[in-house]
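Naming: A, B, ... by sequence-line order, numbering from 1 per chain. Note that the coordinates shown come from a computational prediction; the quantities given were computed from them, not determined experimentally. Only this structure's heavy atoms are used, side chains among them; waters, hydrogens and symmetry mates stay out.
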Protein chains: 2
Amino acid sequence: MASNLSHSAQDYLEAIFLLADREGFARVKNVADHLDVKKPSVVSAIKVLMKKGLVVHQHYGCLELTSEGEELAKEIHRRHQVLFRFLNHILGVRTEVAEADACRLEHHISPQTLELLIKFVEFTETFPERDKTPKWLDYFQKFAATGEAPPCLNDTSGGCGFK
Amino acid sequence: MASNLSHSAQDYLEAIFLLADREGFARVKNVADHLDVKKPSVVSAIKVLMKKGLVVHQHYGCLELTSEGEELAKEIHRRHQVLFRFLNHILGVRTEVAEADACRLEHHISPQTLELLIKFVEFTETFPERDKTPKWLDYFQKFAATGEAPPCLNDTSGGCGFK
DNA sequence: CCGTTAAGTTATCCTAGCCTAACTTTTTTT
DNA sequence: AAAAAAAGTTAGGCTAGGATAACTTAACGG
């Protein structure tokens with residue numbers, strides 16, 4: 001589906017989607033600032049997206065996604081979000097770093113990995129209960145921060161999820 | 001350290017390292033086959049690595065890493081391995097897919113994420129005991145395969161690592 | 001020891017994706 | 001309503017990293 005788009009094209013599509021969503025509109029200038037490129041780069045990238053029927057753009061006007069473009073953008077953004085949540089909420093990567101990594105990694109994940117990552121995030125966010133951190137994750141985070149082994153290692157009575 | 005090497009240069013370096021290790025030698029042909037590129041591409045990539053003092057290469061002869069090149073290659077490969085183990089052993093991504101994903105992802109991970117990923121892999125491989133799968137991971141794998149919630153959700157007595 | 005084949009090399013070309021400079025259109029200010 | 005500023009566009013250039021075609025060197029079998 002998104003497979004015939006280059007990484008950079010995907011970035012542009014996602015940027016248009018996000019800007020339209022957050023600011024109410026997307027323009028060449030916007031997109032350029034968001035992706036930290038110059039305006040002519042945006043213009044030529046958009047030409048590609050227009051040829052593929054993903055974006056419409058009247059001369060000197062706003063950028064809009066076609067419905068197909070929006071579908072795609074959502075899929076791309078979802079990938080980004082899952083990665084971000086994994087990095088930030090589970091691994092504990094700092095927010096800005098996680099954001100930047102997600103941006104780059106999102107282009108290189110296979111569908112199978114994406115699917116399993118989604119499940120993994122869902123698993124940790126859903127069990128034991130939404131908004132509670134699972135014990136094993138607490139233990140990991142402590143281990144990551146201090147090197148401290150999970151307590152049940154010295155607790156042969158079991159029942160801590162680590163046996 | 002590896003930061004002034006392009007992604008592609010890193011791939012070439014890693015390939016030389018692996019081939020030298022596995023086959024006992026690395027040659028242009030080898031590397032080309034391994035990376036699925038043509039020989040001239042290898043030759044020009046190697047020129048870059050030679051200029052950086054990472055590879056030595058006598059005309060029409062074998063490719064060898066300098067000690068600095070080997071350091072770097074090891075670091076790159078370590079990153080690859082960590083990713084692979086996470087994808088394959090923890091998420092459960094199929095071996096070939098995990099291998100391919102690791103190849104691509106290894107270039108896009110920040111040092112912080114790498115470090116945390118290393119700890120995460122270490123955490124799951126070390127606790128409760130080497131060569132035993134932690135309970136929470138069992139539960140995740142079951143959840144991923146069947147959608148089945150971990151049993152302790154219905155078990156309010158706690159003690160399963162999910163409270 | 002010579003010819004064939006395989007490996008390595010060189011020259012040259014191509015594309016993607018960025019850039020700057022210069023120009024046009026639109027919007028805003030006065 | 002004209003000038004100035006801001007946004008958009010076009011033309012053209014550059015680099016990285018691939019490719020092909022044609023050539024050179026090395027290796028090996030008869």
(request) Run the ring-centre check on A:F86 versus B:F86 and record whether the distance is less than 6.0 Å. (result) yes
(request) Take the protein atom CG of B:D11 and the nucleotide atom C1' of D:dA16, then report the distance between them rounded to whole Å. (result) 14 Å
(request) Specify the separation, in whole Å, of atom NE2 of A:H34 and atom C1' of D:dA7. (result) 19 Å
(message) Which nucleotide wins on minimum distance to the side chain of A:Y12, given the candidates C:dC18, C:dC19, C:dG8?
(response) C:dC18
(message) Could you check whether any side-chain heavy atom of A:L63 comes within less than 4.5 Å of a side-chain heavy atom of A:R27, counting everything from C-beta outward?
(response) no
(request) Specify the residues of residues 45-56 of chain A, ordered by number, for which at least one heavy atom lies under 4.0 angstrom from an atom of DNA chain D. (result) A:K47
(message) Using 30° and 60° as the class boundaries, would you call the ring planes of B:W136 and A:W136 parallel, tilted or perpendicular?
(response) parallel
(request) Summarise how protein sits on nucleotides 21-27 of chain C as a single string, 5' to 3': B when a protein heavy atom is under 4.0 Å from the base, S for sugar-phosphate-only contact, - for no contact. (result) B--BSS-
(message) Base, sugar-phosphate or nothing for A:S41? Non-hydrogen atoms, less than 4.0 Å.
(response) base
(request) Keeping the roles fixed (side chain from A:K39, backbone from A:K29), state whether a donor-acceptor pair exists under 3.5 Å. (result) no
(message) For A:H7 and B:S44, find the nucleotide of DNA chain C closest to each by heavy atoms; which residue's nucleotide sits nearer the 5' end?
(response) B:S44
Pairs under 3.5 angstrom only: tabulate donor-acceptor contacts from the side chains of residues 44-59 of chain A to other protein residues two or more places apart or in another chain.
from, atom 1, to, atom 2, distance (Å)
A:S44, OG, A:P40, O, 3.3
A:S44, OG, A:S41, O, 3.3
A:K52, NZ, A:N4, O, 2.9
A:H57, ND1, A:C62, O, 3.3

(request) Could you tell me the separation between the NE2 atom of B:H107 and the C1' atom of D:dG17, rounded to a whole number of Å? (result) 13 Å
(request) Please work out if B:K39 contacts a base, only the sugar-phosphate, or nothing of the nucleic acid, heavy-atom cut-off 4.0 Å. (result) base
(message) Can you measure B:D36 atom CG to D:dA19 atom C1' for me and round it to whole angstrom units?
(response) 13 Å
Which side-chain N or O atoms in residues 98-110 of chain B pair as donor and acceptor under 3.5 Å with protein atoms at least two apart or in another chain?
from, atom 1, to, atom 2, distance (Å)
B:E99, OE2, B:H80, NE2, 2.6
B:D101, OD1, A:S110, OG, 3.4
B:D101, OD1, B:R104, NH2, 2.9
B:D101, OD2, A:S110, N, 3.2
B:D101, OD2, A:S110, OG, 2.8
B:D101, OD2, A:T113, OG1, 2.6
B:R104, NE, A:H108, O, 3.4
B:R104, NH1, B:A100, O, 3.4
B:R104, NH2, A:H108, O, 2.8
B:E106, OE1, B:H80, ND1, 2.7
B:H107, NE2, B:D11, OD1, 2.7
B:H107, NE2, B:D11, OD2, 3.4
B:H107, NE2, B:C103, O, 3.4
B:H108, NE2, A:H108, NE2, 3.2
B:S110, OG, A:D101, OD1, 3.4
B:S110, OG, A:D101, OD2, 2.8
B:S110, OG, B:T113, N, 3.2
B:S110, OG, B:T113, OG1, 3.1

(message) In whole Å, I'd like the distance from the CD atom of A:Q10 to the P atom of C:dG17.
(response) 11 Å
(message) Can you measure A:L35 atom CG to C:dC18 atom P for me and round it to whole angstrom units?
(response) 8 Å
(request) Go through the structure and list residues passing side chain to side chain donor-acceptor pair (under 3.5 Å) with A:R94, not counting sequence neighbours. (result) A:E96
(request) Take A:K38 and B:N30, find for each the nucleotide of DNA chain C with the closest heavy atom, and name the residue whose nucleotide sits nearer the 5' end. (result) B:N30
Quick one: side chains of residues 19-26 of chain B, donor-acceptor pairs under 3.5 Å with protein atoms, not counting sequence neighbours, listed by atom name and distance.
none

(message) Between P on D:dA7 and NZ on A:K29, what's the gap in Å once rounded to a whole number?
(response) 5 Å
(request) Answer yes if the ring centres of A:F127 and A:F123 are under 6.0 angstrom apart, and no otherwise. (result) yes
